[in-house]
Peer 1: 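Take this structure, written in structure tokens, and hold onto it; I'll ask about it next.
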Amino acid sequence: MKSNRITNLIGIKYPVISAAMTWVTSAEFVAAVSNAGGMGVLGPNAGQKEKATSAEDMADRLTKEIRKVRELTNKPFAVNYIFPMGGASEDPFTNAVFEVLVKENVKNVIAIGQRVVDREMKRLKEHNINVIYRDLSPTVEKLVEAAKTGVDALTYCYGL
């Protein structure tokens with residue numbers, strides 16, 4: 001496959017990015033995808049068997065999974081980043097993930113939401129984090145609008 005702008009930007013060989021798959025992903029899965037030349041993505045509950053009890057608990061678990069990924073690969077990977085929804089400008093879980101991204105120097109996110117949240121884009125870009133956006137209910141109009149916000153790439157996922 002020929003390299004393109006996004007593969008160069010995020011440092012992967014092939015334009016293959018795994019889904020975060022909430023409970024299914026683990027550090028081992030993410031590292032395997034990244035080691036194969038794509039980009040693995042840690043979901044919000046990656047490697048877990050039970051739901052987090054708080055934003056702090058989730059952040060601690062995510063930190064451990066990120067560190068496990070780094071033990072298994074030196075290749076790029078991403079973390080799923082969920083924009084606040086329902087008109088909210090902030091979310092405690094989003095804030096906790098942001099703090100982990102900064103602390104662990106994660107450089108790629110797959111951001112999902114009903115729209116791109118300006119506050120979140122500004123925070124992510126201030127820390128030079130690459131943002132690949134996936135709208136939860138994509139339309140051409142919404143993707144065009146998202147492209148204007150400064151996201152680095154758009155992805156489209158249609159359920160079967």
Side-chain angles (χ1 to χ4, degrees), residues 10-12 16-36 38-139 142-143 146 149 151-160:
I10 59 179
I12 59 177
V16 174
I17 299 172
S18 72
M21 300 183 286
T22 305
W23 296 94
V24 177
T25 54
S26 65
E28 294 80 7
F29 176 85
V30 169
V33 173
S34 294
N35 283 332
M39 186 168 68
V41 182
L42 283 173
N45 293 298
Q48 305 306 311
K49 304 274 188 245
E50 298 174 5
K51 188 175 180 180
T53 58
S54 66
E56 294 78 20
D57 182 33
M58 184 269 314
D60 289 342
R61 293 173 176 197
L62 179 59
T63 298
K64 289 175 184 167
E65 284 298 300
I66 289 169
R67 290 176 181 173
K68 281 189 214 174
V69 170
R70 289 202 168 121
E71 289 173 8
L72 299 168
T73 187
N74 63 354
K75 306 284 187 188
F77 66 94
V79 169
N80 198 224
Y81 194 76
I82 303 170
F83 286 143
M85 295 195 214
S89 61
E90 283 192 60
D91 177 84
F93 285 89
T94 303
N95 289 337
V97 171
F98 177 78
E99 294 301 323
V100 170
L101 295 173
V102 172
K103 180 178 75 174
E104 295 299 318
N105 197 31
V106 173
K107 291 301 176 190
N108 300 299
V109 297
I110 305 298
I112 65 169
Q114 297 165 331
R115 65 182 174 81
V116 175
V117 176
D118 292 335
R119 172 185 182 270
E120 298 303 323
M121 276 299 296
K122 183 178 179 189
R123 303 198 304 172
L124 293 166
K125 296 319 265 173
E126 284 174 351
H127 290 276
N128 299 312
I129 296 172
N130 297 314
V131 179
I132 301 167
Y133 179 66
R134 181 174 80 86
D135 197 280
L136 291 175
S137 301
T139 63
K142 288 173 76 177
L143 294 174
T149 67
V151 299
D152 296 292
L154 297 167
T155 186
Y156 174 80
C157 180
Y158 181 77
L160 299 174

Peer 1: Could you walk me through whether Tyr81 and Leu124 pass the side chain to side chain contact (heavy atoms under 4.5 Å, CB included) test, one step at a time?
Peer 2: CA-CA 10 Å; Tyr81 194 76; Leu124 293 166; 3.7 Å; yes
Peer 1: Determine whether Gln48 and Met58 make a side-chain contact, defined as any pair of heavy atoms from C-beta on separated by less than 4.5 Å.
Peer 2: no
Peer 1: Got a donor-acceptor contact below 3.5 angstrom from the Asn45 side chain to the Thr25 backbone?
Peer 2: no
Peer 1: If you compare all heavy atoms of Pro92 against all heavy atoms of Ala55, which two are closest, and at what distance to 0.1 Å?
Peer 2: O-CB, 3.7 Å
Peer 1: To the nearest 0.5 Å, tell me how far Met21 CE sits from Leu42 CG.
Peer 2: 11.0 Å
Peer 1: List the atom of Ser18, the atom of Gly40, and the distance in Å for their closest heavy-atom pair.
Peer 2: OG-CA, 3.4 Å
Peer 1: Does Glu65 pair with Lys68 as a salt bridge, N-O distance under 4.0 Å?
Peer 2: yes
Peer 1: With the side chain counted from C-beta on, respond yes when Val109 and Ile132 share a heavy-atom pair under 4.5 Å apart, and no when they do not.
Peer 2: no
Peer 1: Let me know which of Leu101, Val30, Ile129 forms a side chain to side chain contact (heavy atoms under 4.5 Å, CB included) with Val79.
Peer 2: Leu101
Peer 1: To the nearest 0.5 Å, how far apart are CZ in Phe77 and CG in Asn108?
Peer 2: 8.5 Å
Peer 1: Going from CD1 on Ile17 to CD1 on Ile110, what distance comes out if it is rounded to the nearest 0.5 angstrom?
Peer 2: 4.5 Å
Peer 1: I need the Arg115 CZ to Lys142 NZ distance, nearest 0.5 Å.
Peer 2: 10.5 Å
Peer 1: Under a 3.5 Å distance rule, please check whether Thr73 uses its side chain to pair with a backbone N or O of Arg70 as donor and acceptor.
Peer 2: no
Peer 1: Measure the CD-OG1 distance between Glu99 and Thr94 for me, rounded to the nearest 0.5 Å.
Peer 2: 12.0 Å
Peer 1: State plainly whether the residues Lys64 and Asp60 are in salt-bridge range, i.e. N to O under 4.0 Å.
Peer 2: no
Peer 1: Return the CG to CZ distance between Asp57 and Phe93, rounded to the nearest 0.5 Å.
Peer 2: 8.5 Å
Peer 1: What are the two closest heavy atoms between Arg119 and Asn95, and how far apart are they?
Peer 2: NH1-OD1, 3.6 Å
Peer 1: After noting the C-alpha distance and the side-chain angles of Arg123 and Glu126, does the key distance pass the salt bridge (charged side-chain N to carboxylate O under 4.0 Å, His left out) rule?
Peer 2: CA-CA 5 Å; Arg123 303 198 304 172; Glu126 284 174 351; over 6 Å; no
Peer 1: Determine the minimum heavy-atom distance between Gly113 and Tyr133, stating which atoms define it.
Peer 2: O-OH, 3.1 Å
Peer 1: I'd like to check the ring-ring contact (aromatic ring centres under 6.0 Å, His included) partners of Phe98; sequence neighbours left out, ordered by chain and number.
Peer 2: His127
Peer 1: Salt bridge check, Asp152 against Lys125: does any charged N sit closer than 4.0 Å to a carboxylate O?
Peer 2: yes
Peer 1: Looking at side-chain heavy atoms only, is the closest gap between Ile66 and Val106 below 4.5 Å?
Peer 2: yes
Peer 1: Looking only at heavy atoms, what is the nearest atom pair of Lys51 and Arg61, with distance?
Peer 2: C-NH1, 3.7 Å
Peer 1: Set out, in order, the CA-CA distance, both residues' side-chain angles and the distance that settles side chain to side chain contact (heavy atoms under 4.5 Å, CB included) for Lys75 and Ile12, then state yes or no.
Peer 2: CA-CA 8 Å; Lys75 306 284 187 188; Ile12 59 177; over 6 Å; no
Peer 1: Counting only heavy atoms from other residues, nucleotides and ligands, does the tally under 6.0 Å from NZ of Lys122 exceed 12?
Peer 2: no
Peer 1: Could you walk me through whether Lys107 and Asn128 satisfy the side chain to side chain contact (heavy atoms under 4.5 Å, CB included) test, starting with their C-alpha distance in whole Å, then the side-chain angles of each, then the deciding distance to 0.1 Å, before giving a yes or no?
Peer 2: CA-CA 7 Å; Lys107 291 301 176 190; Asn128 299 312; 4.2 Å; yes
Peer 1: Has the side chain of Ser34 got a donor or acceptor atom that lies under 3.5 Å from a matching backbone atom of Met39?
Peer 2: no
Peer 1: Leu72 and Ala31: which non-hydrogen atoms are nearest, and at how many Å?
Peer 2: CB-CB, 3.5 Å
Peer 1: State, yes or no, whether a side-chain contact exists between Val116 and Phe83 at a heavy-atom distance under 4.5 Å.
Peer 2: yes
Peer 1: Is it the case that Asp135 and Gln114 place a side-chain donor and acceptor less than 3.5 Å from each other?
Peer 2: no
